[in-house]
Amino acid sequence: MARKTTTKPPKAPMTWKLLSAGFAVPAGIAVRKLTDAAWYGVRGTTPPKNPAAPGVSWGDALAWAAVSGLAVAAGRLLAARGAAASYEKLTGKLPPGLNQGTT
(Lines give C-alpha, C1' and ligand atoms only; values in the text may rest on other atoms or scores of the structure.)
Protein backbone atom coordinates (compact mmCIF):
# COMPACT_ATOMS: atom_id res chain seq x y z
CA MET A 1 0.00 0.00 0.00
CA ALA A 2 1.43 3.36 -1.03
CA ARG A 3 1.64 6.09 1.58
CA LYS A 4 -0.09 9.29 0.79
CA THR A 5 2.35 12.15 0.94
CA THR A 6 1.27 15.63 1.70
CA THR A 7 3.44 18.66 1.53
CA LYS A 8 2.76 21.48 3.88
CA PRO A 9 3.17 24.99 2.58
CA PRO A 10 6.26 26.66 3.99
CA LYS A 11 5.69 28.76 7.09
CA ALA A 12 5.87 32.47 6.55
CA PRO A 13 8.87 34.07 8.24
CA MET A 14 8.17 36.20 11.30
CA THR A 15 9.51 39.26 9.46
CA TRP A 16 6.78 38.92 6.84
CA LYS A 17 4.08 38.43 9.47
CA LEU A 18 5.20 41.51 11.40
CA LEU A 19 5.46 43.67 8.30
CA SER A 20 2.03 42.56 7.10
CA ALA A 21 0.42 43.44 10.42
CA GLY A 22 2.44 46.62 10.68
CA PHE A 23 1.06 47.85 7.38
CA ALA A 24 -2.48 46.46 7.77
CA VAL A 25 -3.39 48.06 11.09
CA PRO A 26 -2.60 51.68 10.17
CA ALA A 27 -4.13 51.17 6.72
CA GLY A 28 -7.36 49.94 8.30
CA ILE A 29 -7.51 52.93 10.63
CA ALA A 30 -6.79 55.35 7.79
CA VAL A 31 -9.41 53.76 5.52
CA ARG A 32 -12.06 54.03 8.22
CA LYS A 33 -11.29 57.69 8.93
CA LEU A 34 -11.16 58.57 5.22
CA THR A 35 -14.42 56.83 4.37
CA ASP A 36 -16.19 58.43 7.33
CA ALA A 37 -14.88 61.87 6.33
CA ALA A 38 -15.77 61.35 2.66
CA TRP A 39 -19.30 60.22 3.55
CA TYR A 40 -19.78 63.22 5.82
CA GLY A 41 -18.38 65.57 3.18
CA VAL A 42 -20.73 64.31 0.49
CA ARG A 43 -23.85 63.51 2.51
CA GLY A 44 -23.55 65.91 5.44
CA THR A 45 -24.35 63.14 7.92
CA THR A 46 -22.32 60.50 9.70
CA PRO A 47 -22.22 57.11 7.95
CA PRO A 48 -24.59 54.42 9.21
CA LYS A 49 -23.11 52.48 12.14
CA ASN A 50 -25.16 49.41 11.22
CA PRO A 51 -26.42 49.48 7.61
CA ALA A 52 -28.66 46.48 8.33
CA ALA A 53 -30.62 48.36 11.00
CA PRO A 54 -34.29 48.98 10.13
CA GLY A 55 -33.93 52.76 10.46
CA VAL A 56 -31.30 52.98 7.69
CA SER A 57 -32.70 53.48 4.20
CA TRP A 58 -31.86 50.98 1.47
CA GLY A 59 -30.12 53.68 -0.50
CA ASP A 60 -27.86 54.65 2.40
CA ALA A 61 -27.17 51.01 3.27
CA LEU A 62 -26.21 50.10 -0.30
CA ALA A 63 -24.18 53.27 -0.82
CA TRP A 64 -22.25 52.68 2.42
CA ALA A 65 -21.64 49.04 1.47
CA ALA A 66 -20.24 50.10 -1.90
CA VAL A 67 -18.10 52.93 -0.53
CA SER A 68 -16.71 51.00 2.41
CA GLY A 69 -16.15 47.82 0.36
CA LEU A 70 -14.15 49.65 -2.28
CA ALA A 71 -12.16 51.54 0.34
CA VAL A 72 -11.34 48.39 2.32
CA ALA A 73 -10.23 46.53 -0.82
CA ALA A 74 -8.01 49.43 -1.88
CA GLY A 75 -6.57 49.74 1.64
CA ARG A 76 -5.76 46.04 1.78
CA LEU A 77 -4.05 46.23 -1.59
CA LEU A 78 -1.96 49.25 -0.58
CA ALA A 79 -0.98 47.63 2.72
CA ALA A 80 -0.04 44.32 1.07
CA ARG A 81 2.03 45.99 -1.62
CA GLY A 82 3.77 48.24 0.90
CA ALA A 83 4.59 45.31 3.17
CA ALA A 84 5.86 43.25 0.22
CA ALA A 85 8.07 46.09 -1.02
CA SER A 86 9.51 46.56 2.48
CA TYR A 87 10.11 42.83 2.90
CA GLU A 88 11.88 42.65 -0.45
CA LYS A 89 14.03 45.66 0.45
CA LEU A 90 14.98 44.10 3.80
CA THR A 91 15.62 40.53 2.63
CA GLY A 92 16.40 40.87 -1.07
CA LYS A 93 13.65 38.41 -2.03
CA LEU A 94 9.91 38.37 -2.46
CA PRO A 95 7.68 37.33 0.45
CA PRO A 96 6.56 33.69 0.47
CA GLY A 97 3.86 32.96 -2.08
CA LEU A 98 3.92 36.40 -3.62
CA ASN A 99 5.29 35.38 -6.98
CA GLN A 100 2.34 33.05 -7.50
CA GLY A 101 -0.30 34.30 -9.89
CA THR A 102 2.04 36.32 -12.08
CA THR A 103 1.84 35.94 -15.80
- Query: How far apart are the C-alpha atoms of W64 and T35, what are their side-chain angles, what is the distance that settles it, and do they pass the side-chain contact (heavy atoms from CB on, under 4.5 Å) test?
  - Reply: CA-CA 9 Å; W64 181 246; T35 53; 3.8 Å; yes
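Between S86 and F23, the shortest heavy-atom contact is OG-CZ, 3.3 Å. Listed here is the closest heavy atom pair of V31 and G75: CG2-CA, 3.8 Å. Nearest heavy-atom pair across A61 and P51 is CB-O, 3.4 Å. Between P26 and A21, the shortest heavy-atom contact is CD-O, 4.2 Å. Contact detail for P96 and P13: the closest heavy-atom pair is CG-CD, 3.4 Å.
Taking a 4.5 Å side-chain heavy-atom cut-off between Ile, Leu, Val, Met, Phe, Trp and Tyr, the cluster of Y40 contains only that residue.
Under the 4.5 Å side-chain criterion, counting only non-hydrogen atoms from C-beta, L19 is in contact with L90. Put simply, the side chain of W39 does not reach to within 4.5 Å of the side chain of S68, judged on heavy atoms.
Separation of atoms CE (M14) and CG (L18) is listed at 6.0 Å; rounding is to 0.5 Å.
When the ring pair (Phe, Tyr, Trp, His ring centres under 6.0 Å) test is applied to Y87, the partners found at least two apart in sequence or on another chain are W16.
Sorted by first and then second residue, the pairs that involve residues 40-54 and meet salt bridge (charged side-chain N to carboxylate O under 4.0 Å, His left out), not counting sequence neighbours, are R43-D60.
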